[in-house]
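Note sheet for the following structure.
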Amino acid sequence: MSAPADDRRRERVLAAYDVLGRPPRRELDALVELAAQVAGVPFAAVNLFSSDAQHPVATSGFEGHSTPMDNAMCRLVVESGEPIMVEDAARDARFAGNPWTTGELADVRYYGSQPLRTPSGVVIGTLCVFDNEVHQVTPEAARGLEQLADRVVDVLELELASRRLSEVNARLSTSNDRLAHFAGQVSHDLKNPLTAISLSLEALELEITDPYQTDTLARARRGVDRMGELISNLLEFASQGVAPGDDVVDLDAELASALDDLDGRVPRGSVRTGPLPPARGDAAQLRSVLMNLLDNAAKFTVDGAEPEIEVEAVLRDGHSRVEVRDRGRGVPDDKHERVFAPLSRLDKTVDGTGIGLATCRRIVEAHGGSMGVEERVGGGSVFWFELPLVVA
């Protein structure tokens with residue numbers, strides 16, 4: 001059995017990753033399917049180990065359930081920190097009496113398992129592949145499994161780093177300089193493992209020709225792209241909100257530029273605009289606010305419907321209020337604030353990272369204004385932002 005000190009270290013790391021008891025990550029699902037295909041077997045799993053049990057957090061070919069530590073074949077890999085690859089586990093003295101090989105739980109024959117080792121050296125689990133048939137152990141399968149095990153840890157590290165960045169954003173929301181400095185510091189730590197994943201997947205693309213495996217690899221690459229977009233948006237959120245300056249900004253011109261930039265994403269004929277007042281601040285930042293609101297209004301339409309968007313301004317108590325109105329799915333009353341929180345995605349059927357509206361509010365508040373959302377009469381939403389009135 002593993003030493004109590006090792007168990008405690010592993011428990012602390014797993015608590016930080018916050019993966020046990022949650023739905024499988026899409027990136028882990030893609031990697032575990034790829035592991036099965038690289039090894040040429042029907043079954044694979046990412047197993048994480050608490051002090052007394054093995055927990056499959058992503059599986060391919062079977063439905064995983066937690067297993068007591070004493071029954072787990074992968075326990076030996078976790079305790080030794082070394083991979084195990086065997087052609088017939090039932091004939092191996094280490095596994096011959098294990099319920100996974102005797103038929104009590106399964107009839108495992110071919111078995112391969114690579115340790116999942118964190119950057120701090122803690123082995124938290126395994127990437128495991130197996131079959132009910134005997135297979136030859138090949139160097140190619142062992143090497144591929146080792147590479148994919150490293151990518152599993154990279155995914156967990158990236159999610160942890162992104163979550164920590166979001167938490168720091170919330171704590172430092174009133175200290176823009178410190179937040180921007182922190183964003184620069186962590187960008188290197190976030191980008192490095194993502195680059196490693198991308199390079200490994202590119203290497204695998206050169207070796208794989210089977211169409212099904214190619215499709216699985218493509219899904220893994222899309223997961224990498226989503227993570228890259230998330231990191232970029234988090235860093236953009238962290239860097240926005242600095243002093244915007246005192247230039248007079250022509251919002252009509254910025255709206256026209258925003259519509260040009262969104263050509264192909266937001267149909268020009270679906271947008272009706274009225275005159276917008278001038279503002280003071282940074283033209284590029286305010287244009288990005290308009291772009292984000294227009295893009296969301298077009299994306300979150302009722303299924304099959306064409307977007308109907310209005311952009312108009314009204315004067316309110318010494319402020320200019322710009323409203324972007326849509327006929328989309330709307331935002332529930334109790335989610336009007338949550339929708340502006342970093343990483344908040346109320347509708348996960350539409351692509352996105354949940355950073356855009358948080359960044360918009362950050363920009364508007366840096367310009368001395370405020371931002372919110374209201375229900376639109378007849379259906380849809382009204383996203384608005386108010387800025388100090390510019391006196392000619």
Side-chain angles (χ1 to χ4, degrees), residues 1-22 24-25 27-32 34-36 38-39 41 43-60 64-86 89 92-95 98-101 108 110-130 137 139 141-161 163-164 189 192-194 196-197 200:
M1 297 296 290
S2 57
D6 292 337
D7 289 341
R8 289 194 294 270
R9 291 180 68 198
R10 195 161 55 243
E11 294 275 8
R12 286 195 296 269
V13 173
L14 291 179
Y17 284 147
D18 192 26
V19 65
L20 296 183
R22 292 183 176 274
R25 269 66 163 171
E27 293 78 11
L28 294 184
D29 279 339
L31 287 172
V32 81
L34 194 58
V38 166
V41 299
F43 309 115
V46 170
N47 297 312
L48 300 181
F49 277 72
S50 61
S51 60
D52 59 357
Q54 169 185 281
H55 307 277
V57 297
T59 61
S60 178
H65 300 283
S66 296
T67 301
M69 175 75 85
D70 290 343
N71 290 340
M73 296 176 68
C74 290
R75 173 176 61 85
L76 299 180
V77 175
V78 173
E79 292 177 353
S80 68
E82 298 295 331
I84 294 177
M85 302 285 289
V86 296
D92 188 293
R94 294 169 294 183
F95 305 117
N98 190 284
W100 283 88
T101 64
V108 174
Y110 177 90
Y111 170 73
S113 183
Q114 280 283 342
L116 301 177
R117 182 176 283 103
T118 71
S120 61
V122 180
V123 177
I124 58 172
T126 64
L127 175 60
C128 168
V129 295
F130 59 96
V137 174
R143 185 170 61 252
L145 199 61
E146 180 182 8
Q147 290 180 338
L148 291 172
D150 289 341
R151 302 295 75 79
V152 169
V153 176
D154 286 339
V155 167
L156 297 175
E157 283 288 310
L158 280 167
E159 291 184 348
L160 174 61
R163 190 165 61 251
R164 284 177 172 171
D189 295 334
N192 267 5
L194 190 67
I197 294 174
S200 294

For side-chain contact (heavy atoms from CB on, under 4.5 Å), just list the numbers for Val46 and Leu31, CA-CA rounded to whole Å, side-chain angles, deciding distance to a tenth of an Å, and then say yes or no.
CA-CA 9 Å; Val46 170; Leu31 287 172; over 6 Å; no
Can you list the steps and then say if Thr101 with Met73 is a side-chain contact (heavy atoms from CB on, under 4.5 Å)?
CA-CA 9 Å; Thr101 64; Met73 296 176 68; 4.0 Å; yes
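Note that CD1 of Ile84 and CZ of Arg94 are 4.5 Å apart. Values are rounded to the nearest 0.5 Å. One distance of note links CG of Leu156 with CG of Leu116; it measures 7.5 Å at 0.5 Å rounding. Taking CG from Leu20 and OG from Ser66, the interatomic distance works out to 8.0 Å, rounded to the nearest 0.5 Å. The CZ atom of Arg151 sits 8.0 Å away from atom CG of Leu148, with the distance rounded to the nearest 0.5 Å.
Inter-residue side-chain proximity for Gln54 and Cys74 is flagged as met; some heavy-atom pair is nearer than 4.5 Å. The shortest side-chain heavy-atom distance between Val152 and Leu28 falls under the 4.5 Å cut-off. You'll find the side chain of Leu158 stays beyond 4.5 Å of the side chain of Glu27, heavy atoms only. Side-chain atoms of Tyr17 and Glu159, non-hydrogen and from C-beta on, never get closer than 4.5 Å to each other. Two residues are said to be in side-chain contact when any heavy atoms from C-beta on lie closer than 4.5 Å; Val78 and Asn47 fail this criterion. In this structure the side chain of Glu157 reaches within 4.5 angstrom of the side chain of Pro119, judged on heavy atoms. Counting heavy atoms from C-beta on, the side chains of Leu145 and Met85 come closer than 4.5 Å.
Ile124 approaches Arg10 most closely through the heavy-atom pair CA-CD, 3.6 Å. Scanning both residues, Gln114 and Ala149, for their nearest heavy atoms gives CB-CB, 3.9 Å. Considering every non-hydrogen atom in both Val137 and Val86, the closest pair reads CG2-C, 3.8 Å. Shown here for Val129 and Ala39, the closest heavy-atom pair between the two residues is CG2-CB, 3.9 Å. The two residues Glu82 and Pro115 come nearest to each other via the heavy atoms C-CD, 4.1 Å. Nearest approach of Pro83 to Val77, heavy atoms of both residues: CA-CG1, 4.5 Å.
With respect to Tyr111, the ring-ring contact (aromatic ring centres under 6.0 Å, His included) criterion is satisfied by exactly one of Phe130, Phe43, Phe95: Phe95.
Listed for the Asp52 side chain is no donor-acceptor partner under 3.5 Å among the backbone atoms of Pro68.
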